[in-house]
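Accompanying notes for the structure given below.
Predicted model only: the values in this text are computed from it and were never measured.
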Amino acid sequence: MNVYDETVFEYNATKDNVILVTLFDFRSCNTSAPLKMYNSGNDSFTIKSGGHYFFTSNFSGHCQGGQKLDVRVLKPSSPPTTPPPSPTTSPSPSPSASHAAAGPAESKAVAPSPTQSKGPTYDPKWLLVNTLGVTISSLVVLVHGYA
């Protein structure tokens, strides 16, 4: 999830609700003083800043039964103030000069090109969104399980 993303909660409003709580209340399943309560059955929550958002239900036994959702939103990174330096190339020394300067123990390894791939890379934002999707799906399954 990113800042300004929207989370939608769909559930049977006669048998459940969604509440936003503090970390302490989330861990202890204290649902008596929610920061925000949603009870329409089709609610949305817009992420306004980075950090953790803790959701549960204050219907009896739901939180204690594991119907909890911890949403971690990464703080947006600010763009660099100056662009990174571009790679520069230096002229190759002449063969006679490099042969004279190179000793027997000197390595002649060539560094990889900056455009050379080092294997697969994974975008952590995609992994977070994918994990969150699974978590939200689990929450929906749990909500429907109480129906």
Side-chain angles (χ1 to χ4, degrees), residues 1-93 98 101-103 105-147:
M1 299 274 327
N2 296 304
V3 175
Y4 303 114
D5 281 353
E6 186 174 65
T7 302
V8 176
F9 297 98
E10 294 178 345
Y11 52 92
N12 182 340
T14 62
K15 298 182 181 187
D16 211 354
N17 66 6
V18 175
I19 58 173
L20 176 67
V21 296
T22 65
L23 172 61
F24 179 80
D25 289 346
F26 181 80
R27 286 184 175 166
S28 64
C29 284
N30 175 13
T31 60
S32 64
L35 301 172
K36 182 99 174 154
M37 181 181 287
Y38 302 92
N39 53 19
S40 76
N42 187 13
D43 302 302
S44 63
F45 177 79
T46 302
I47 305 295
K48 297 203 166 109
S49 64
H52 282 263
Y53 295 86
F54 304 100
F55 298 94
T56 189
S57 169
N58 71 351
F59 272 61
S60 179
H62 289 198
C63 183
Q64 292 82 355
Q67 187 176 327
K68 303 163 92 173
L69 176 64
D70 174 2
V71 177
R72 179 177 176 226
V73 179
L74 300 176
K75 296 182 186 212
S77 59
S78 58
T81 55
T82 58
S86 59
T88 58
T89 57
S90 58
S92 298
S98 65
E106 187 174 329
S107 172
K108 296 274 191 173
V110 177
S113 164
T115 59
Q116 183 176 356
S117 173
K118 293 182 181 178
T121 59
Y122 302 99
D123 183 359
K125 291 178 190 170
W126 179 87
L127 292 174
L128 176 64
V129 170
N130 193 30
T131 302
L132 181 61
V134 170
T135 304
I136 290 174
S137 297
S138 299
L139 177 67
V140 171
V141 169
L142 284 173
V143 169
H144 289 299
Y146 284 99

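- Scored by the ring pair (Phe, Tyr, Trp, His ring centres under 6.0 Å) test, Phe54 finds Phe26, His52 as partners (sequence neighbours excluded).
- Rounding to the nearest 0.5 angstrom, the gap separating the CG atom in Leu20 from the OG1 atom in Thr56 is 11.0 Å.
- Of all non-hydrogen atoms in Ile19 and Pro34, the two that sit nearest each other are CB-CB, 3.7 Å.
- For Ser28, the side-chain hydrogen bond (donor to acceptor under 3.5 Å, both in side chains) test picks out no residue, with sequence neighbours left out.
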message = Let's go through Thr22 and Leu35 carefully: what are the C-alpha distance in whole Å and the side-chain angles of both, what is the deciding distance for side chain to side chain contact (heavy atoms under 4.5 Å, CB included) to 0.1 Å, and is it a yes or a no?
response = CA-CA 7 Å; Thr22 65; Leu35 301 172; 4.1 Å; yes
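- No side-chain heavy atom of Asp25 sits under 4.5 Å from any side-chain heavy atom of Thr31.
- Under the 4.5 Å side-chain criterion, counting only non-hydrogen atoms from C-beta, Asp16 is in contact with His62.
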task = Show the numbers, then the answer: is there a side chain to side chain contact (heavy atoms under 4.5 Å, CB included) between Ile47 and Tyr4?
result = CA-CA 5 Å; Ile47 305 295; Tyr4 303 114; over 6 Å; no
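- Take Asp43 and apply the side chain to side chain contact (heavy atoms under 4.5 Å, CB included) test, not counting sequence neighbours, and it matches Tyr11, Tyr38, Ser40.
- Residues Phe45 and Tyr53 place their aromatic rings such that the two centres sit under 6.0 Å apart.
- Nearest heavy-atom pair across Glu10 and Asn42 is CG-OD1, 3.6 Å.
- Side-chain contact between Leu74 and Asn2: absent, with no pair of heavy atoms (C-beta onward) separated by less than 4.5 Å.
- The shortest distance between side-chain heavy atoms of Asn58 and Met37 falls below 4.5 Å.
- With contacts defined as side-chain heavy-atom distances shorter than 4.5 Å, the pair Ser57/Lys68 does not qualify.
- Smallest separation of non-hydrogen atoms from Val3 and Gly50: CG2-N, 3.7 Å.
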